[in-house]
Amino acid sequence: MSNPADPISSAPLPGLAHGLRLGRHLLPNRVFAAPMAGVTDRPYRRLARQLGAGYCVSEMVTSRADLRDTLKTSRRANHDGETAPIAVQIVGTDPGQIAEATRYNLERGADIIDINMGCPAKKVCNRWAGSALMQDEDLAARLVEAAVAAARPFDAPVTLKMRAGWCTAERNAPRIARRAEAAGAAMLVVHGRTREQGYGGQAEYDTLAEVKRSVGIPVVANGDIDSPQKAAAVLRQSGADAVMIGRAALGRPWLFGQVAAFLQGGVVLPDPAPAQWCDWLFVHLDDHYALYGQAIGVRTARKHVGWYVASLPGGDAFRRQFNTLGSAAEQLAALRGFLDPDSNQTAPLAA
């Protein structure tokens with residue numbers, strides 16, 4: 001499988017200056033934020049939108065009604081203050097449960113339903129959900145049919161996120177794509193790795209190009225898209241209609257806006273300095289603490305801050321000390337002192 005040629009030499013593509021139609025919704029650009037469990041919660045999605053993502057999908061929520069009222073699921077389903085369209089990703093293996101979960105989420109404010117057939121996590125695949133569904137193409141098609149039927153009264157599109165296949169020998173995304181389109185799916189997202197790969201190795205885009213040739217609905221490229229130039233290269237090779245960015249935006253959510261500017265007009269935006277992006281980080285953290293509360297919020301904020309400071313001089317040492325802090329006030333003061341040394345804040349770090 002080939003990968004795009006040197007992405008640094010890739011010029012922007014024509015025809016990407018306008019948004020993308022998804023059902024009754026017009027997405028403002030073609031740069032999307034990928035759903036990531038434990039990461040793309042409401043605070044993350046709101047910031048991603050603010051900094052240029054044209055579309056964001058929630059963390060996956062279970063289709064099981066008996067788990068719907070748990071604190072974890074209720075937080076994942078929190079969309080307070082988000083800009084429409086609101087997209088909820090559901091995971092499950094039973095068509096009836098998928099249909100009921102589709103109705104439940106649409107009744108509570110969702111505009112788009114996304115079905116997860118891409119998660120490689122063992123705890124998900126062991127239940128035959130996520131990317132494990134790619135081993136049962138008939139069931140995969142029935143799940144899409146069930147969601148589409150349930151969403152029809154709401155005039156809500158149903159999308160599908162999947163991988164290139166289950167393993168190297170079985171890259172069956174094109175077959176599933178055709179069946180998903182026939183079942184009524186409005187858009188497909190394809191991660192250019194197999195379930196067998198997890199997140200290792202390199203993503204490939206030949207399978208994605210075959211998916212694009214196989215269907216008439218929009219196809220979105222996902223996997224290893226870490227720069228504006230790489231996004232243009234992937235779109236050129238695959239013929240995809242948009243890109244979805246996941247891990248590459250951790251700690252650098254401005255990447256969405258950089259990619260959008262390049263695809264729309266060939267504009268290369270520089271990385272912001274810490275003095276600029278620290279304000280975005282503080283807004284992110286304030287929203288994060290508000291959603292999770294002090295105890296959980298302080299603990300889960302650590303990974304986000306670690307991603308932000310990873311490339312800064314002294315970032316690794318700061319991260320280790322930051323992880324010892326036990327309150328939101330201490331965390332915010334430490335960050336202010338590290339990112340803005342001219343401020344009056346003193347970072348209360350352990351010696």
Side-chain angles (χ1 to χ4, degrees), residues 32-51 53-93 97-98 101-102 104-106 108-127 129-133 143 147 156 158-163 187 189 191 195 198-199 220 222-223 244-251 253 256 284-285 287-293 296-297 299-304 306-307:
F32 305 160
M36 293 179 285
V39 178
T40 54
D41 52 16
R42 184 199 69 197
Y44 182 94
R45 294 191 302 269
R46 289 178 63 177
L47 183 64
R49 285 277 186 88
Q50 176 190 339
L51 297 182
Y55 175 64
C56 298
V57 183
S58 77
E59 303 173 82
M60 62 181 177
V61 296
T62 180
S63 61
R64 289 175 51 182
D66 60 315
L67 298 178
R68 197 169 287 151
D69 294 330
T70 65
L71 183 57
K72 182 177 182 179
T73 297
S74 66
R75 283 178 175 144
R76 288 188 172 191
N78 187 309
H79 299 277
D80 294 345
E82 283 193 72
T83 303
I86 292 170
V88 173
Q89 185 182 78
I90 56 178
V91 60
T93 60
Q97 290 182 352
I98 288 288
T102 294
Y104 177 86
N105 283 282
L106 292 173
R108 284 154 182 79
D111 301 297
I112 298 166
I113 296 296
D114 182 63
I115 298 176
N116 182 317
M117 291 188 196
C119 180
K122 288 183 178 180
K123 66 180 180 180
V124 174
C125 289
N126 286 344
R127 296 181 175 88
S131 55
L133 286 166
L143 294 179
V158 172
T159 64
L160 171 65
K161 188 174 190 295
M162 60 180 169
R163 290 199 159 221
M187 186 174 75
V189 181
H191 184 120
R195 160 62 180 86
Y199 294 103
V220 182
N222 177 226
M244 180 171 276
I245 299 173
R247 291 173 297 155
L250 298 179
F256 300 112
H284 183 182
L285 290 177
D287 199 6
H288 188 87
Y289 299 137
L291 177 62
Y292 292 101
I296 295 177
R299 187 170 69 251
T300 54
R302 293 167 182 164
K303 59 189 174 187
H304 290 281
W307 290 322

If you take all heavy atoms of Gly297 and His288, which pair is closest and at what distance? O-CD2, 3.5 Å

For the student: nearest non-hydrogen atoms of Ala87 and His79, plus distance: O-CE1, 4.3 Å

Side-chain touch Val57/Met244, heavy atoms, less than 4.5 angstrom: yes

The reported gap from CD1 in Ile90 to CD1 in Ile115 (rounded to nearest 0.5 angstrom) is 5.5 Å

Nearest 0.5 Å please: distance from the CG atom of Asn116 over to the CG atom of Leu143. 11.0 Å

Between atom OG1 of Thr93 and atom CG of Leu133, what is the distance when rounded to the nearest 0.5 Å? 7.0 Å

Inter-residue atom distance Ile112.CD1 - Thr102.OG1, 0.5 Å rounding: 13.0 Å

Could you list the residues that satisfy salt bridge (Lys or Arg N to Asp or Glu O under 4.0 Å) with Arg46, not counting sequence neighbours? Asp287

Determine the minimum heavy-atom distance between Glu59 and Arg45, stating which atoms define it. N-NH1, 4.0 Å

Which heavy atom of Ala84 sits nearest a heavy atom of Asp111, and at what distance? CB-OD2, 3.8 Å

Looking at every non-hydrogen atom in both residues, tell me the closest pair between Gln89 and Ser58 and how far apart they are. N-OG, 3.1 Å

Which atom of Ala48 lies closest to which atom of Phe256, heavy atoms considered: CB-CE1, 3.7 Å

Point-to-point distance, once rounded to the nearest 0.5 Å, from CZ of Arg42 to CG of Leu47: 12.5 Å

Whether Asn222 side chain and Val189 backbone form a donor-acceptor pair below 3.5 Å: no

Audit row: Val39, Trp307, side-chain contact (heavy atoms from CB on, under 4.5 Å) steps and yes/no: CA-CA 11 Å; Val39 178; Trp307 290 322; 3.8 Å; yes

Are the side chains of Leu250 and Met36 in touch, meaning some heavy atoms are under 4.5 Å apart? yes

Would you call the rings of Phe32 and Tyr55 parallel, tilted or perpendicular if under 30° counts as parallel and over 60° as perpendicular? perpendicular

